[in-house]
Each structure stands twice: as C-alpha cells, then as structure tokens.
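Single-structure report; data block below.
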Amino acid sequence: MAREFQRGHKAKISDLTPGTDLYVGVQIAAPGLTFDISCFGLDAHEQLSDDRYFIFFNQPKSPEESIQLLGAQSGDTESFRVTLDRIPAAIQKLSFTATLDGSGQMSQIGPGYIRIVAGGEEVVRYAFTGSEFTTERAVMLGDFYLKDVWRFAAVGQGFDGGLDALLKNFGGEVAEEEAPPAAAPAAAPGFAPPAQAAAPPAFGAPPAAQAPQPAPSFGAPPAPTPPPAPQQPMHAAPTIAAPLAPQMPQAPQAPSPYGQPHQPHQPQFGQVPGQGAPPAPPFGQQAPAPYGQPAPAPYGQQPPVGMPPGVPQGMPQGVPQGAPATGAGLQAALQPYKEAATGQRWTPQNQQLMRVDLTMGGSGVLARQGSMVMYQGKVDFGYKSAGFVGRAVGNATGQEMQLMRCTGRGQVFLAEEGSNLHPIELQGDAICVSAESVLAFDESLQYEVRRVEGHGIPGGALFTMLFQGTGTVIVKTHGTPVVLPVTPTTFADCNAVVAWSAASQVIVSSQVRLRRNAYPGHSGETVNLQFRGAPGNFIVVQPYEV
C-alpha cells in the first residue's frame, strides 16, 4: 500500500522499496495552462555543475541514461525513469520541478501529485493542490537526495520567478533565445491528385480504440490509454541552460585624423587581424603593451620582486591582460555569505546560524525564547513557558526554560551566543539531549524531561530531554563535538556531555582529589557521569568546561 506523504516528510528509499530502478510520475494540470516538468541533477553543493544532468523536453536523458524523461503515460502528465545505482557519484541530489510555460500562477492548479512506483506498484505519493501556493510560477515537487543512502523528500516549495528563478537557485544561467531564421520562399506546387481522405497517414497516432500499451519493463504502473488530449502548442524556441561565459570587450577603433582618408590598421605582433587600433592613452600615462607582450613598469618604479615585468600587483599570474577581473565588486564580496535555500525544512547557513522553513512540514517549531535573529514572511510567535519542561528545569536549577512557538508561512533564522549548531534528524528513533544544549525542535516530536540526580552536580541534578518520533532537533555546542562509543569504562564530565543514546544507562560517579597548585588544605570535588550500555550506544561531548 502506498504511503501518503505531506510537505516536508522524508524517508529512506530502502524503507519504501528494495528496488533501485524506479518510475517517477508527476500529475499537474490547470485549465488553459501549460507546464514544463524537469529534473535537475545537482552536486554536493546543490548546484547544477553539469548541464548534461538538466533533464527536460530538449534533453530527455543523462549521458549514462540513469535519468530518462518518458513522457505522459498511465495518467501522469510527465514521467521519469530513475536508476539509482547508475547515477554517478558527482550527482548527490535529483530535484523534480514544474514550471509554467506562459502566463498564470500555481494557485490555479487542481489536485496533483508526485509518486514513486517500483515493480508496477506505487510505494509513495505526495499530493498537493493550488491552495498551497499563491503567485508562484515554479515549484520544487520532490527530491531524491544522497545522505548515506538515497532518500526521498516531499518539498512543495514555490518560486515566483519561474524557470529563471529555479536555474539561478541551482547556479545555472538561461541562454538568450536566438531569432528564428527567415523562412525560405515556398516552391510552386506541382501537379498532384487530391489526397485520399479514407486512409490515415502512416505516421499518425493510433486510433483511440487501440489496445492499451504495456507498462514499462522496469515497473511503471499499468493503466488504460487515456483519450487523446488536445494538441498542446509547441515551444517557439527551447530554453537552454548554459554557463555564462565572459565576453572580451573590443577596444573602439581610433578615428582617422581630420581631413585624411581612413587607413586600415596594420596589426602589431601578436594582435589578431581585423581588430581596431587601441585608443590613445590619456596625457602622462603609458600606452598598454600589445597582446602577448609584458607592459613596462610605471615611470620610476621597478616591478615587484618575484613578479615578471608587466604584471600588476594583486593580479594572479596566468590571467591575460585585458581580461575582466573576477572577484571584485560588492556582489562578489557578499556572494559567499548569501542565504542558502536548499528546499529542506532545516538548513544550516553556517556553523552558528540555522534556517527553518515553516512552509514545509505542516507543524510548528519550538525554540528557545530570544534565539530568533531574523525572520521573513508571515510568521507568528507565541511566547510561553515550556509547561512541565519549564517548571521542572526552572524549579530545580533556578534557570527557567522559556520556549517560543513559531508558526505560519515564512523562514526563521535561529542562533544563540555564537554556539555551534547541529541538526539531528530522527526517523522513529530516540535520543537524550542535555536541556542546556537544546536550541529548537519540531513540534511533531514527542519529548519528556529526565532527571539524573547526584551529589556535586550544579543545582543538584542534571536534566535531559528525551526526544523520539519523526522530526529534527537542533543541538548547540561550545566548539566542535565528538561522538564516542559507550564502553564499560566510559566517563564524562557533566558540563561537557551534550547528548547520548536513549538506551544508555547513566550513573553518577564522584571522587575527591587534591589540586597540586592549590594552597594547603584546599580540595576540589569532581563529578563524573558513567555510561553503560550494549554495543552501539554512544555519547556526544563538547570541548567545554565551566
């Protein structure tokens, strides 16, 4: 039986089906609108680094045919064949998208879906409607992404700019459409008898009463042939994704002296014939050297040590003179810090900043009060105490734990005191996290407070939160944490421990020892937590000590 996904749901492909040769069907329609359904093959940085893995109507398959566009069949507007074990290692994600060809908005579409079929049986379906969108002209429907193993995520994220916005989001560029060539004059018709209306042409479509076509051999769902649809208008010119190549500006040709006829410019050594002469330099400045020759140093200056003559300071060697400098300007300076929108619910922007997209997942987010640094869209914040969690932690430690509930349609950016943030995705499993290390979590998760009591622990006890279910927990640490296996002799300081497996047993162990550098008679008491458990259990500690 097929699993019904909601926006933001994820699952391993191996949990859905043991097969790797899959059929992906997309159904999307609206009266009077035409859609282009495509697949973007992205690298580890979620960029379209290889145009051959942009699969659309004008490029129906990848080089090794691991991704193929099959066309409309079995009730689907468009369908694909994806062979996961043949996808090259450079491709880490497949994003299936739908864009409008012409005017219109995604809010006009009727009920649609994206589904996965294996061996002729539908295993998962994500259904959507136009009520989930407004003015968007493109939408990312679902993703196959590689995270240890191949997984599937229901996305449902829209873009107002259509295909151009999708290509820019994935690092591609839209090539300019070329004007169609002028049509040649038609030749005068020769003598021919009138066409017979009885016999159809040999290349025509089969009649409607023809027997249904068999399903694809790799497992496409069988379905009767639908009645022929009205002919859709063909694209005037295909949209082609191509990398943007900088064009070398040509120097304007110097005019001839007044009263003298124009003389063709004689190219200098190394100059391409046909190019105009370079303009005269301003008064007091040197003329640029011909192409292929080094430029002399400015008057009174010597070239820098270790640099060949003619190469300006700051310019990398090997760059031809006259080429536009890269990496300059405000946009280039801000490029490494732009917002990362990956189509996932939780997206790290850097080590200390986390972005959560509330339009995905269908549930709210609980985060520490005051951890919001920025938000965009229509977001509602419900500031409230954490209920039993807040009372238990507050009464025992004197530090009340305040949570805020974030709901709506928008994106919220979370951080706290420059701590390193780590998303932990739970797929039905459980984990214990120190209450001080919890920044935010999905409201869909089940959680409860556990108390580890012991003499010498600050506040008298260590409080941990047990999370279980399906969702994500954001854990904050001081520095980069380390994950260690639980052994019979595993001890950790209560201030350094961040999280541990839910099946581990925690025992308080305290001991007294003298400090060598302390004054006589002064002693310090240390409290350690001993962890016990079967093989496979773990603890997470941070390089931090109070």
Side-chain angles (χ1 to χ4, degrees), residues 6-10 132 156-157 339-426 430-451 459 461-478 498-499 542:
Q6 302 295 327
R7 177 187 293 178
H9 281 189
K10 308 171 186 176
E132 302 178 26
Q157 179 179 352
E339 177 186 1
T342 62
Q344 305 294 331
R345 179 172 169 88
W346 296 91
T347 305
Q349 304 298 298
N350 49 52
Q351 289 186 346
Q352 293 84 25
L353 187 63
M354 183 67 60
R355 172 185 184 267
V356 54
D357 191 344
L358 299 177
T359 61
M360 306 176 60
S363 62
V365 168
L366 294 178
R368 282 184 177 270
Q369 184 175 342
S371 62
M372 185 275 294
V373 298
M374 193 197 79
Y375 73 92
Q376 52 191 7
K378 298 180 180 179
V379 181
D380 297 326
F381 296 94
Y383 294 93
K384 62 178 181 178
S385 176
F388 174 74
V389 178
R391 290 194 299 271
V393 178
N395 294 338
T397 65
Q399 300 176 356
E400 186 177 4
M401 183 178 181
Q402 295 286 342
L403 296 179
M404 60 181 180
R405 185 172 184 264
C406 310
T407 58
R409 295 181 62 85
Q411 297 79 37
V412 181
F413 294 78
L414 304 172
E416 186 171 82
E417 298 179 351
S419 299
N420 289 4
L421 304 182
H422 312 273
I424 300 178
E425 181 181 351
L426 301 180
I431 189 173
C432 292
V433 184
S434 172
E436 290 297 323
S437 300
V438 177
L439 178 71
F441 55 92
D442 285 325
E443 195 176 20
S444 59
L445 286 172
Q446 301 175 5
Y447 59 94
E448 63 177 278
V449 174
R450 290 187 173 182
R451 177 187 178 110
L462 174 67
F463 286 87
T464 178
M465 298 182 66
L466 171 64
F467 295 95
Q468 56 186 348
T470 301
T472 301
V473 182
I474 306 302
V475 177
K476 60 188 184 76
T477 64
H478 297 273
V498 175
Q542 59 187 353

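Please read all numbers here as calculations on a predicted model, not as lab measurements.
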Backbone of [Y] reached by a side-chain donor or acceptor of [X] within 3.5 Å:
X    : Y    : answer
Q542 : H478 : yes
Q349 : A340 : yes
D442 : L445 : no

Between atom [atom1] of [X] and atom [atom2] of [Y], what is the distance when rounded to the nearest 0.5 Å?
X    : Y    : atom1 : atom2 : result
Q369 : L403 : CD    : CG    : 8.5 Å
R345 : R355 : CZ    : CZ    : 11.5 Å
L366 : C406 : CG    : SG    : 8.0 Å
L439 : R368 : CG    : CZ    : 7.5 Å
L414 : W346 : CG    : CH2   : 6.0 Å

- Message: Checking Q344 against K10 for the side chain to side chain contact (heavy atoms under 4.5 Å, CB included) test, could you report, in this order, the C-alpha distance in whole Å, the side-chain angles of both residues, the deciding distance, and whether it holds?
- Response: CA-CA 10 Å; Q344 305 294 331; K10 308 171 186 176; 3.4 Å; yes
- Message: I need the minimum non-hydrogen distance between A415 and L421, along with the two atoms involved.
- Response: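 Looking at all heavy atoms of both residues, the closest pair is CA-CD1, 4.3 Å.
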- Task: Indicate the atoms forming the closest heavy-atom contact of V365 with A440, along with that distance.
- Result: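 Smallest heavy-atom distance, with atoms named: CG1-CB, 4.3 Å.
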Sequence-distant partners of [X], side chain to side chain donor-acceptor pair (under 3.5 Å), two or more places apart:
X    : answer
Q376 : E339, Q411
Q446 : none
T359 : D357
S419 : none

- Considering residues at least two apart in sequence or located in another chain, which fulfil the ring-ring contact (aromatic ring centres under 6.0 Å, His included) criterion with F413?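 Checked F413 against ring-ring contact (aromatic ring centres under 6.0 Å, His included); zero matches.
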- Task: Identify, with sequence neighbours excluded, every residue that meets ring-ring contact (aromatic ring centres under 6.0 Å, His included) alongside H422.
- Result: none
- Where do V498 and V475 land on the side chain to side chain contact (heavy atoms under 4.5 Å, CB included) test, with the steps shown first? CA-CA 8 Å; V498 175; V475 177; 3.4 Å; yes
Partners of [X] by side-chain contact (heavy atoms from CB on, under 4.5 Å), sequence neighbours excluded?
X    : value
S434 : E436, S437, L462
P423 : P348, M354, T472, I474
Q6   : H9
A499 : I431, V433, V540

- Can you list every pair that meets salt bridge (charged side-chain N to carboxylate O under 4.0 Å, His left out) and has a residue in residues 370-382, with sequence neighbours left out? none
- Note on the structure: So salt bridge (charged side-chain N to carboxylate O under 4.0 Å, His left out) across residues 463-478, not counting sequence neighbours, yields E416-K476
- Which is it for L426 and F467 under the side chain to side chain contact (heavy atoms under 4.5 Å, CB included) test, yes or no, and what are the steps along the way? CA-CA 9 Å; L426 301 180; F467 295 95; 3.9 Å; yes
- Item | Derivation and outcome, side chain to side chain contact (heavy atoms under 4.5 Å, CB included), residues M465 and E448 | CA-CA 6 Å; M465 298 182 66; E448 63 177 278; over 6 Å; no
- Note, F381 side chain near V412 side chain (heavy atom, < 4.5 Å): yes
